[in-house]
Amino acid sequence: MATRDLWRLCADWLIRCEILPRDHRVMFPNAEIFDLAQTLRDGVLLCHLLNTLSPGAVDMKDFSQRPQMSQFLCLKNIRTFLQTCKNKFGLRESDLFDSYDLFDVKDFAKVLNTLSKLSKSELALASGIEGFPPDRLSRVPSPVEDVYRTLEDRACELPDEDIYSAVTTVEEGEQEIYEDLCSLRGRTTRRRKERERDQLEQGFEPKTKREHCLKELIETEKNYVEALQMIKTFFIHPLKNIIPSPNHELIFKHIEGLGNIHTAFQSDLHQAVRRSSAQALGDCFIKYKPQLLLYGDFCSNLPQAQERIDDLCRKNEIIRVAVEECQRKANEGKFRLRDLLSVPVQRVLKYHLLLKELIKQTDKKSPDRTFLEKALEAMQDLSLYVNEVKRDNEQLQLIQEIQDSIVDLQMPEKTSLKDYGRLLKDGELKIKSHEDNRLKTRYIFLFDKVMLMCKSRTMEKFLWGETYSYKNALVLAQHRVEEGVPAGRPRSEKWGHVFLLSENKNSVAYNFYAKTEEMKMKWVDAIKMALDNTNPANAREKGHDFIMTTFEEPQTCSECKKLLRGVFYQGYNCHRCKQSVHKECIQKASKRECHISNGPAPELPPRPIDRSSTVYNHRSASVSSAHSRGLPAKPSLGIKVKAVASYTGTPAPPTNKGQALKFEQGDVIDLISNDNVQWWEGRLHGKEGFFLKSYVEEYRRPFQRGPSYLHHDVRPPSPLHNDENQSPIGSPLQRSPRPASSASQKHPYINLANLEGYPWYVGEMSRESAMVKLEHHPSSTYLIRESINPARRGDYALSVKYDNNVKHIRVMRTQEGSFYLADCRFFRSIPELVDYYQKNSLAYSFPELDTVLSIPYNESVRQNAVFHPAPRETPALGYAVASFDYAATATNQISLTKGDRIKIVSKQGEDRGWWKGELRGKIGYFPCAYVDEEEDAADGNSASSPR
């Protein structure tokens, strides 16, 4: 057998170990080596493999089970695997690969060699699973074989996120315990017969499917109350004098409180069912929802409680023996105490599933559905809140690990990395500062508010994880990102995909180099998402000032009345009117005036001006519409500022200044005076007045590319295009009417709604979809699309195929409504813009794009079908309709607008409250509690009933 087939033997061994399912793609006839490498790259399945070969070899909390290709977490997992192979399975260091051999697929032959050695280790063979390869085929492939040389070039490809179906996760293990203790299936026949006899005595014998749903609801609730009572009777009381008081309180925090709540809750449920009152049943869930918020703090405390009991049992023999004795008495030693503590979390996440099933079995015309649907909405909200608390606690643990790994990081007093927001992306990039122009390799941690630049430290490869040295940090709100910036590239084409991050004041700029265009765009999208999270659209409209905020106690959104999700930076708070809202609710809240600002201040009549004075004292004179009184306008400073927030005249300027200059966010103001530390004077729309300088920032034309950023000059205008009918390149659009050019004669001003008939217009489309659609078309094929990026939804973008890559350029607009790609030539309509660049190269503004717009996309599809293979259709599990708005806060999520119809492609994250779906060409996660699944699809894909 050829050595290059060894990877298939490895895949077969992993299937025999039940790490991969038998229908995994690595077993397809057309499978490649990279399919196996990609499956193992994040280290998750390798850690599960060790636990299969030797149960308990790796503690489940010592590796990340959903790293989502975060380099930090993947390397942690791989190093945990290598360390366990050495310490537990007895492999020699010379038998082990380096972590980057797998993560970057630098040497997959070494990875196969390690797995082969592992499969034949004494401990692995003791599991009864034969190793690979057979002795007669024991030669391991050489690292220099051609078949392994090209794998590293593909390491940027993202793996399938649904590859863990064959392994048991922590959540599945906890689910088994819950099923045994609380579900109807988990009870013994004797106990079930006792319950059935009790039901007959109480006059409740279920006959219909709906009645069986009601039975399941009240029976599982009673079982849960008994489980809580069991923990109290067999653990809390007996261990009170054995486990020190502070530890005892931590381990059993909220158990007795939950027992009291659910005892009353179960009694009210039972009464409502006996009365056959759907209204009473629905009201019961709504009534207890505020008390059930206790689960948020319980979930936050749970990991610490489980870790504390493990630590005490490991260090104290007396406590260990006492805990094991309690476990034996409670359930014959079947479940550990640490596992029993997870049962409450499992229970609270079942209520919305039980109610869904009950509603499904209730007649659509029945008035009962209204009450049950209100109860379902309340429990879905609670479920999402609890799931996000769990997710945030994992995020906080990750952030703390990152902070601990940066060995020389000195945070400001009373500040930690969690104060910078959630981690959105991490990984390695090459960076060139425009100050020293030296190319450096840096490891980047991107948070909502801050980008940390670090340097990886050399370390012994079997230690737990990476360590870093801190080098620099950038406050993202003070910077802007440009994705299509032509700039000097590093020598290696491998790192030839560049984007720019420059300070808003133009004092500092950085070029970032990624390995591939796809990786570059993921960084750009993550930075834009971070900027959108900290400064979302409409956050400062109508006098509001919504700021991303951490709330110490559970909060309800002032707008939609749903819970703010998670435990840190759960939402946004207006520090003026104190409203707290979700990101997706800011737009609705900002439609009303901030009630603290009391709306626009009334305009005062201008004070009389002493016209006899020959000197115009602008510090004391009226600033109201000088032009209307025939007075000369005050000279401006030649400086423009842009409003970062709307100013309605409140607070008012001091009386010795004059009246306020009101403006909206985004207005560009001519500055008249800036010599006051607080109040500046400016002109807008012919009116002059004063405003707080904190409401504005320096104005810089978008996409203005100067030599300091490009390292080369923009090409001078060609005489052919510098005639009297067109604005010369580099000069602003003339405000006075100009003679019509050939382009404008062909395309008079066209409303954006009328673009449908043009062969280059494709409507709403994501960047990713544009890349896929243009990938197989000839060079210079192009399209105009409407962006669906949450940060600039509705804006237009040009995507063009050039030099085997797809490039994207944002179509910008001036205050006057003109269109442009770079601020050297302006157009009155998008067709006029397209017409110009069909005849003139983009290289005048984008030197790396030396092409004209040659082939409209839709024409290329019709004329060159060979270039447009059918897109790979993502199979649908069903469809759902959005019941509420949702604003994405991470790049792997999709935003929803009420009424959207989403194709469901995966429900694997349902245990955490998320489904994966496709909407407007983008695939991502969304909260399943925010949608209603279409019933015909739900009927065909329903799982076993929740218990």
Side-chain angles (χ1 to χ4, degrees), residues 4-53 58 60 63-71 73-82 84-85 96-119 124 129 131-133 140-141 147-148 150-169 172 427 518-519 872 874-875 892 905-906 908-909 916 923:
R4 66 179 58 194
D5 291 331
L6 188 75
W7 68 271
R8 292 191 181 274
L9 296 175
C10 177
D12 178 70
W13 177 66
L14 292 173
I15 289 173
R16 286 187 281 118
C17 291
E18 297 184 351
I19 294 301
L20 296 179
R22 293 194 173 275
D23 59 352
H24 193 275
R25 65 171 180 269
V26 297
M27 301 306 291
F28 293 173
N30 61 346
E32 303 176 275
I33 298 175
F34 187 72
D35 292 326
L36 179 61
Q38 188 76 310
T39 300
L40 302 178
R41 275 182 66 202
D42 62 9
V44 175
L45 294 181
L46 293 180
C47 291
H48 282 297
L49 170 66
L50 297 181
N51 280 340
T52 296
L53 299 175
V58 181
M60 300 285 269
F63 68 97
S64 173
Q65 298 186 63
R66 290 181 176 87
Q68 295 185 329
M69 292 313 295
S70 160
Q71 186 171 331
L73 292 176
C74 292
L75 292 175
K76 170 188 171 182
N77 289 349
I78 295 170
R79 286 201 168 94
T80 298
F81 167 78
L82 293 171
T84 308
C85 284
L96 300 175
F97 60 86
D98 182 82
S99 54
Y100 286 96
D101 290 338
L102 176 56
F103 182 76
D104 285 336
V105 204
K106 287 184 174 180
D107 196 337
F108 195 60
K110 286 186 178 180
V111 177
L112 290 176
N113 178 60
T114 298
L115 292 175
S116 178
K117 297 286 186 183
L118 174 65
S119 74
I129 302 172
F132 81 96
V140 177
V147 70
Y148 300 102
T150 60
L151 297 185
E152 186 178 359
D153 296 334
R154 299 174 60 184
C156 59
E157 297 179 14
L158 296 179
D160 183 356
E161 294 178 358
D162 299 333
I163 61 176
Y164 310 124
S165 58
V167 298
T168 301
T169 63
E172 288 170 344
E518 181 183 8
M519 293 176 72
R872 291 177 294 177
T874 306
N892 65 345
V905 300
S906 174
Q908 192 176 18
K916 192 176 183 181
I923 295 177

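You'll find the side chain of H24 stays beyond 4.5 Å of the side chain of D35, heavy atoms only. Residues L115 and L46 form a side-chain contact, since some pair of their non-hydrogen atoms from C-beta on lies under 4.5 Å apart. A 4.5 Å side-chain heavy-atom check between F63 and H48 finds at least one atom pair inside the cut-off. Within the 4.5 Å cutoff, the side chain of R41 has no heavy atoms near those of the F108 side chain. T52 has its side chain within reach of I19: a pair of non-hydrogen atoms, C-beta onward, lies under 4.5 Å apart.
Scanning all heavy atoms of the two residues, the minimum distance from L73 to P67 falls at CB-CB, 3.7 Å. Residue I78 comes nearest to F97 through the heavy atom pair CG2-CE1, 3.8 Å, listed as atom of the first residue, atom of the second, then distance.
Annotation: side chain to side chain contact (heavy atoms under 4.5 Å, CB included) contacts of L50 (sequence neighbours excluded): A57, V58, F81, T84, C85, F89, L118. Residues satisfying the side chain to side chain donor-acceptor pair (under 3.5 Å) criterion with S70, sequence neighbours excluded, are D426.
Separating the OG1 atom in T114 from the CG atom in L82 is a distance of 7.0 Å, to the nearest 0.5 Å. Between the CG atom of L53 and the SG atom of C17 there is a distance of 5.0 Å, given to the nearest 0.5 Å.
The closest donor-acceptor contact from the side chain of S116 to the backbone of N113 lies at 3.5 Å or more, if one exists at all. Under a 3.5 Å cut-off, the side chain of D98 and the backbone N or O of Y100 do form a donor-acceptor pair.
Comment: R8 does not engage D12 in a salt bridge, judged by the lack of any side-chain N to carboxylate O separation of less than 4.0 angstrom.
Tested against F103, the residues L75, D42, L40 include a single side chain to side chain contact (heavy atoms under 4.5 Å, CB included) partner, L75.
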